[in-house]
Amino acid sequence: MPELPEVETICRALAPRLEGRRLLEAEFFERRVLEGPPARVAARLRGQTVRTLRRHGKHLLVEFDSGSLLAIHLGMTGHLHWGGEPGPHTRAVLTFDNGRVLYDDPRMFGRLELCEQLPRRIARLGPEPLHIPAAEFVERLHARRGAIKPLLLNQTFLRGLGNIYTDEALFRAGIHPRAIAARLAPDRARKLHRAIRQVLNAAIASGGTTISDYVDTEGQPGGFQFQLQVYGRTGEPCPRCAAPIRRIVIAQRGTHFCPQCQRR
DNA sequence: ATCGGTACCTGCACGC
DNA sequence: TGCGTGCAGGTACCGA
């Protein structure tokens with residue numbers, strides 16, 4: 001499911017509910033999604049009060065008054081629900097003094113980690129795509145010799161882009177997914193920077209993208225799937241030039257683009 | 001640095 | 001109906 005706009009949507013919904021609230025009980029039903037022994041993590045969490053909720057790339061960070069952090073990554077199929085009943089894929093339940101959060105994750109690619117400070121793995125990720133200035137983006141881009149698509153998916157380059165928004169941003173910028181990053185002319189690199197911002201902001205405004213199963217914390221689907229121009233539209237006409245959208249595989253990921261509008 | 005491959009998991013759509 | 005196949009929003013790790 002979740003790339004930056006989906007995690008942002010979840011964060012905005014949960015922050016007002018959780019900030020200032022006390023965590024009464026943490027239950028973990030699947031140790032694979034948890035860093036550390038469930039009983040020990042639960043004991044450390046019990047009684048803590050939430051100071052803030054924030055997003056860091058695709059991670060959701062719950063910061064407690066003690067300074068401890070609960071870092072949540074939803075993987076491919078992780079969901080957070082406010083309230084509701086646990087189901088077959090519920091891997092954790094966090095009970096607060098005003099309600100509970102269910103963590104569901106069928107494929108269990110997601111991770112929950114309780115730590116005293118941001119783990120290095122997360123801290124060393126690249127800048128936020130919505131914060132990085134154009135000049136810095138272009139400079140970082142020009143330092144890389146690989147193809148642009150795998151680079152945008154690389155979280156140490158920028159944190160938060162996934163397969164959907166990468167394809168959409170490249171389409172809007174008119175750049176071929178196999179184009180070499182370092183060889184992009186500065187104006188085209190700046191255009192890509194703009195396209196990334198536009199796509200992410202539009203997706204956040206729509207509450208994210210629902211392809212098959214993403215829903216927000218209230219169980220509502222997002223709306224950005226209706227604004228996708230290439231992702232998942234193999235064979236359909238390009239909205240700009242009507243050429244059939246093509247699907248290829250780059251870095252093991254399905255990649256959608258218009259062969260006419262995105263020339264090498 | 002970069003690339004390709006594999007691995008981790010389950011569920012779903014599809015063709016036969 | 002049942003079964004095999006391929007695909008899926010993510011990331012880590014390996015060797016080349």
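Computed over heavy atoms, backbone and side chain alike; hydrogens, waters and symmetry mates excluded. All values reported here derive from a predicted model rather than from experimental measurement.
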Establish, yes or no, whether the cationic atom of Arg44(A) lies under 6.0 Å from the six-membered ring centre of Phe64(A) and within 45° of the ring axis.
no
Minimum-distance nucleotide to Arg107(A) side chain [options: dG9(C), dC9(B), dT11(C)]:
dC9(B)
Donor on one side chain, acceptor on other, Tyr165(A) and Glu6(A), under 3.5 Å
yes
Please determine whether a side-chain nitrogen or oxygen atom of Arg144(A) lies at a distance below 4.0 Å from atom OP1 or OP2 of dT2(B).
yes
Closest to the Ala147(A) side chain: dC9(B), dC3(B), dG9(C)?
dC3(B)
Considering just the side-chain nitrogens and oxygens of Gln155(A), establish if one lies under 4.0 Å of OP1 or OP2 belonging to dT11(C).
yes
Could you tell me whether Thr210(A) contacts a base, only the sugar-phosphate backbone, or nothing, with contacts defined as non-hydrogen atoms closer than 4.0 Å?
base
Phosphate-side-chain proximity, Arg253(A) and dG10(C), N/O vs OP1/OP2 below 4.0 Å:
yes
pair_partner(dC14(C)), Watson-Crick or wobble, both distances < 3.5 Å, evaluates to dG4(B)
Given dG10(C), dC7(C), dT2(B), the nucleotide with the shortest approach to the side chain of Arg247(A)
dC7(C)
So, does His89(A) get its side chain near the phosphate of dG11(B), meaning an N or O under 4.0 Å from OP1 or OP2?
yes
Quick one: Ile148(A) CD1 to dT2(B) P, roughly how many Å, whole number?
11 Å
Whole Å only: how far is the NE2 atom of His79(A) from the C1' atom of dG10(C)?
13 Å
Given dT11(C), is OP1 or OP2 found less than 4.0 Å from the side-chain N or O atoms of His73(A)?
yes
With respect to the phosphate group of dA12(C), does any side-chain polar atom (N or O) of Arg121(A) fall under 4.0 Å of OP1 or OP2?
yes
Of Arg178(A), His176(A), Arg247(A), the residue whose pairing with Phe257(A) passes side-chain contact (heavy atoms from CB on, under 4.5 Å):
His176(A)
Below the 4.0 Å mark, does dG5(B) have OP1 or OP2 next to a side-chain nitrogen or oxygen of Gln252(A)?
yes
Checking salt bridge (Lys or Arg N to Asp or Glu O under 4.0 Å) for the pair Glu136(A)/Arg140(A): CA distance, chi angles, key distance, verdict?
CA-CA 6 Å; Glu136(A) 190 187 332; Arg140(A) 285 174 68 83; 5.0 Å; no
Given dA8(C), dC8(B), dG9(C), identify the nucleotide with an atom nearest to the side chain of Phe109(A).
dC8(B)
Keeping the roles fixed (side chain from Glu168(A), backbone from Val199(A)), state whether a donor-acceptor pair exists under 3.5 Å.
no
Rounded to the nearest Å, what distance is computed from the CZ atom of residue Arg31(A) to the C1' atom of nucleotide dC9(B)?
18 Å
Assign the ring pair His193(A) / Phe137(A) to parallel, tilted or perpendicular, where the plane angle (0 to 90°) is split at 30° and 60°.
tilted
Does Arg159(A) put a side-chain nitrogen or oxygen below 4.0 Å from OP1 or OP2 of dG10(C)?
no
Take the protein atom CG of Leu74(A) and the nucleotide atom P of dC9(B), then report the distance between them rounded to whole Å.
18 Å
Measure CD1/Ile180(A) against P/dA1(B) and give the value in whole Å, please.
16 Å
Within the structure, does a side-chain N or O atom of Tyr231(A) lie under 4.0 Å from either OP1 or OP2 of dG9(C)?
yes
Where the side chain of Ile164(A) is defined as all heavy atoms beyond and including C-beta, which of dG9(C), dA8(C), dC9(B) is the nearest nucleotide?
dG9(C)
Examine dG9(C): is either OP1 or OP2 under 4.0 Å from a nitrogen or oxygen in the side chain of Lys58(A)? Give yes or no.
no
